[in-house]
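Below: the structure, in structure tokens.
Everything quoted here is computed from the prediction, not taken from an experiment.
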Amino acid sequence: MKKEEFIITSTFNNTLVTITDEKGGPIVVGSCGMHGFAGTRKSTPYAATVTTESAIKKAIEKYNFQVADIFVKGIGPAVKHLYGQ
């Protein structure tokens with residue numbers, strides 16, 4: 001079974017999501033700006049949730065994403081929300 005890495009980077013202004021293959025190459029990337037969030041709305045926990053869900057769905061549909069190590073980096077508001085779930 002393939003094992004990808006799921007990396008969430010949260011800043012005060014945006015949340016970036018990267019899903020990499022076994023070798024570390026990115027296969028799916030996403031950011032809050034890619035989903036229509038602008039300005040201060042990009043840094044909200046809701047925007048981070050939408051971005052994360054979208055990246056996971058894309059990885060499942062296109063690359064048969066099943067198992068991953070999860071890494072959360074950053075200090076933005078989305079980090080507190082991610083740890084709370």
- In one Ile/Leu/Val/Met/Phe/Trp/Tyr side-chain cluster, 4.5 Å: Val50, Met34: no

- Message: Once rounded to the nearest 0.5 Å, what's the spacing between atom CD1 of Ile70 and atom CD of Glu5?
- Response: 11.0 Å

- Task: Looking only at non-hydrogen atoms, find the nearest pair between Ser31 and Leu16 and report the distance.
- Result: CB-CD2, 3.5 Å

- Message: Do His35 and Ser54 have side chains that approach each other closer than 4.5 Å (heavy atoms only, starting at C-beta)?
- Response: yes

- Atom pair CZ (Phe71) and CD1 (Ile8), whose distance is rounded to the nearest 0.5 Å: 11.5 Å

- Item | Distance-minimising heavy-atom pair for Ile75 and Phe12 | CD1-CE1, 3.2 Å

- Flag the pair Tyr63 / Val28 as yes when at least one side-chain heavy-atom distance between them is below 4.5 Å, and no otherwise. yes

- Query: Do Ile7 and Thr20 have side chains that get closer than 4.5 Å, going by heavy atoms?
  - Reply: yes

- Item | Val29 reachable from Phe65 in the ILVMFWY side-chain graph, under 4.5 Å edges | no

- Message: So, taking the atom named CD1 in Ile19 and the one named NZ in Lys62, what distance separates them when rounded to the nearest 0.5 Å?
- Response: 12.0 Å

- Message: As an exercise, state the distance from SG of Cys32 to CG of Asn14, rounded to the nearest 0.5 Å.
- Response: 5.0 Å

- When every non-hydrogen atom of Phe6 is compared with those of Thr52, the smallest separation belongs to CZ-CG2, 3.4 Å

- Message: Measuring only between side-chain heavy atoms, which start at C-beta, is Ile27 closer than 4.5 Å to Glu4?
- Response: yes

- Taking every non-hydrogen atom, the tightest pair across Ala47 and Arg41: CB-O, 3.3 Å

- Task: Provide the closest heavy-atom pair for Thr51 versus Thr15 in the form atom of the first, atom of the second, distance.
- Result: CG2-O, 4.4 Å

